[in-house]
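Taking it in order: structure first as structure tokens, then the write-up.
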2 protein chains.
Amino acid sequence: MFSKACEYGIRSATYIALNSLEGRRVSLKEIAKEIDSPVAFTAKILQLLSKNNIVDSVKGAYGGFDINRTKIDKLMLSEIVNAIDGDKIYVGCGLGLKECNADKPCPVHEKFVGIRNDLRKMLENTSLYEMATGLEMGLTYLKR
Amino acid sequence: MFSKACEYGIRSATYIALNSLEGRRVSLKEIAKEIDSPVAFTAKILQLLSKNNIVDSVKGAYGGFDINRTKIDKLMLSEIVNAIDGDKIYVGCGLGLKECNADKPCPVHEKFVGIRNDLRKMLENTSLYEMATGLEMGLTYLKR
DNA sequence: ACTAAATAGGATATAATTGTCCGATTTAGG
DNA sequence: CCTAAATCGGACAATTATATCCTATTTAGT
């Protein structure tokens, strides 16, 4: 569904959000350990999220990553996915046709529209706050 | 969503089904041309579909690919997807966690279950016959 | 000023996917 | 029997995704 990069990105952002809610800034090392991802690759993804103003990064000693508290409620999964994988999940034909649309639909066009819309809505309506609080309450998990 | 291989596979099978319904066997060359895919790569995919008893292949002059007429109704997209991409679309966690399940769900587990189920049902309920007749009636398209 | 800890970013390595090429084999027809 | 047309299958090539490594820069604390 998503690329590995995107999976790590969502997991990273969720972990950062959880800790930002508790006032803690977290380091790359800690993030990678806690979400069980390759450190250097995760670094690249965090750079990307930082450039897209999804997370804030602080260099130097006691540096790390955090997310502005007021932002956590507003940040939706769709923005993270978009920053990393672009819009290819929602857009484009299920069978890979370049010019597939309602006028000249591929044989599964209509059926895909529904599923893709559900996915899009889900990502657009799920906030990092919701992700993080699920973790906080021990209802959900990020590892393994 | 699907791999390129899988996209070509579905388009190939659909084109073969359409022609089998009309009693014509079609060659690799024709298939690749009509579904707009790389010839040699498509050959590999057709080999795979043949080994999985999804299409029948006939070697030699006047050879090519076809699908048993009685099979066209029963062959579902899910079988093609499964032969090429396996079950990774339905199975496995949206965030890439190995041990994500209802007991220890990731933060989007429940939301993904619904979407994945819809996708699975759609693939399990869409027959090649349905794909092909949409083409036949000019309602849907396979090219571009 | 120095040091340690941290991110930034470029270069490189590895793996998976996508794609090509070519010789072997099969088969219908002349 | 020969030829042309076709699939089969193995080897290879190119591209993209994933992952690593190293150096530069920044920053807090001493």
Side-chain angles (χ1 to χ4, degrees), chain A residues 1-13 15-16 19 24-67 81 83-86 88-89 95-96 98, chain B residues 1-13 15-16 19 24-67 81 83-86 88-89 92 95-96:
Chain A
M1 192 86 80
F2 304 126
S3 67
K4 286 276 174 198
C6 196
E7 291 176 359
Y8 299 151
I10 296 174
R11 276 148 69 189
S12 293
Y15 183 74
I16 296 168
N19 283 278
R24 297 179 59 233
R25 183 185 292 151
V26 287
S27 72
L28 165 64
K29 253 200 238 171
E30 180 181 339
I31 295 168
K33 189 183 166 197
E34 290 303 317
I35 71 169
D36 193 26
S37 68
V39 180
F41 191 47
T42 306
K44 298 294 180 200
I45 298 158
L46 287 170
Q47 274 180 45
L48 197 58
L49 292 183
S50 175
K51 278 178 189 159
N52 281 271
N53 293 312
I54 290 168
V55 305
D56 294 318
S57 77
V58 178
K59 286 173 111 178
Y62 294 82
F65 299 88
D66 56 22
I67 301 177
V81 172
I84 301 173
D85 278 354
K88 66 182 171 192
I89 302 185
L95 299 187
K98 276 161 206 139
Chain B
M1 192 86 81
F2 302 127
S3 67
K4 287 276 172 200
C6 196
E7 291 176 359
Y8 298 150
I10 295 174
R11 277 148 66 188
S12 294
Y15 183 74
I16 296 168
N19 283 278
R24 298 179 59 235
R25 183 185 292 151
V26 287
S27 72
L28 166 63
K29 253 199 238 171
E30 180 182 339
I31 296 168
K33 188 182 168 197
E34 290 303 316
I35 72 168
D36 191 27
S37 68
V39 181
F41 192 47
T42 307
K44 297 294 180 198
I45 297 158
L46 287 170
Q47 275 181 43
L48 196 58
L49 292 182
S50 175
K51 278 180 190 158
N52 281 270
N53 293 311
I54 289 167
V55 305
D56 294 319
S57 77
V58 178
K59 287 171 111 178
Y62 295 81
F65 298 88
D66 56 21
I67 301 177
V81 172
I84 300 173
D85 278 354
K88 66 182 170 192
I89 302 186
L95 299 187

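Residue numbers begin at 1 in each chain, while the letters A, B, ... track the order of the sequences. Bear in mind the structure is a predicted one, so any value in this text is a computation, not a measurement. Side-chain atoms are counted along with the backbone in the values below, which use heavy atoms only and exclude waters and symmetry mates.
For A/L48 and C/dG10, the CG to P distance is 13 Å, given to the nearest whole Å. The NZ-P distance, from A/K4 to C/dT17, rounds to 11 Å in whole Å. What separates CD1 of B/I45 from P of C/dG19 is a distance of 8 Å, to the nearest Å. Residue B/D66 contributes atom CG, which lies 14 Å from atom C1' of D/dA6 at whole-angstrom precision. Following rounding to the nearest Å, B/Q47 (CD) and C/dC22 (C1') show an atom-to-atom distance of 14 Å. We find that CD of A/E7 is positioned 15 Å from C1' of D/dA19, with the value rounded to whole Å. One interatomic measurement links the two molecules: CZ of A/R25 to C1' of D/dT27, which rounds to 11 Å at whole-angstrom precision. Rounded to whole angstrom, the span from the NZ atom of B/K44 across to the C1' atom of D/dC8 amounts to 8 Å.
To the nearest 0.5 Å, the span separating CD1 on B/I35 from CD on B/E7 amounts to 10.5 Å. Rounding to the nearest 0.5 Å gives a distance of 7.5 Å between OG of B/S3 and CD1 of B/I45.
With distances taken from any side-chain atom of A/F41 to the nucleotides D/dA19, C/dT20, D/dA6, the minimum falls on D/dA19. Candidate nucleotides C/dA28, D/dC21, C/dT7 were compared by shortest atom distance to the side chain of B/A61, and C/dA28 ranks first. When the nucleotides D/dG9, C/dT20, D/dT7 are ranked by their closest atom to the side chain of B/S27, D/dT7 comes out on top.
With B/S50 contributing its side chain and B/L46 its backbone, the two residues share no donor-acceptor pair below 3.5 Å.
With the nearest nucleotide of DNA chain C identified for both A/K51 and B/K88, A/K51 has the one nearer the 5' end. The residue among A/Y62 and A/P38 whose nearest nucleotide of DNA chain D is located toward the 5' end is A/P38. The residue among A/G60 and A/T42 whose nearest nucleotide of DNA chain D lies closer to the 5′ end is A/T42.
In this structure, the side chains of A/L49 and A/I16 stay at 4.5 Å or more apart for every pair of heavy atoms. A/N19 has its side chain out of reach of A/D66: every pair of non-hydrogen atoms, C-beta onward, lies at least 4.5 Å apart.
Residue B/S57 places at least one side-chain N or O under 4.0 Å from the OP1 or OP2 atom of D/dC8.
The residue B/L28 sits close only to the backbone: its heavy atoms come under 4.0 Å of sugar-phosphate atoms, none of a base.
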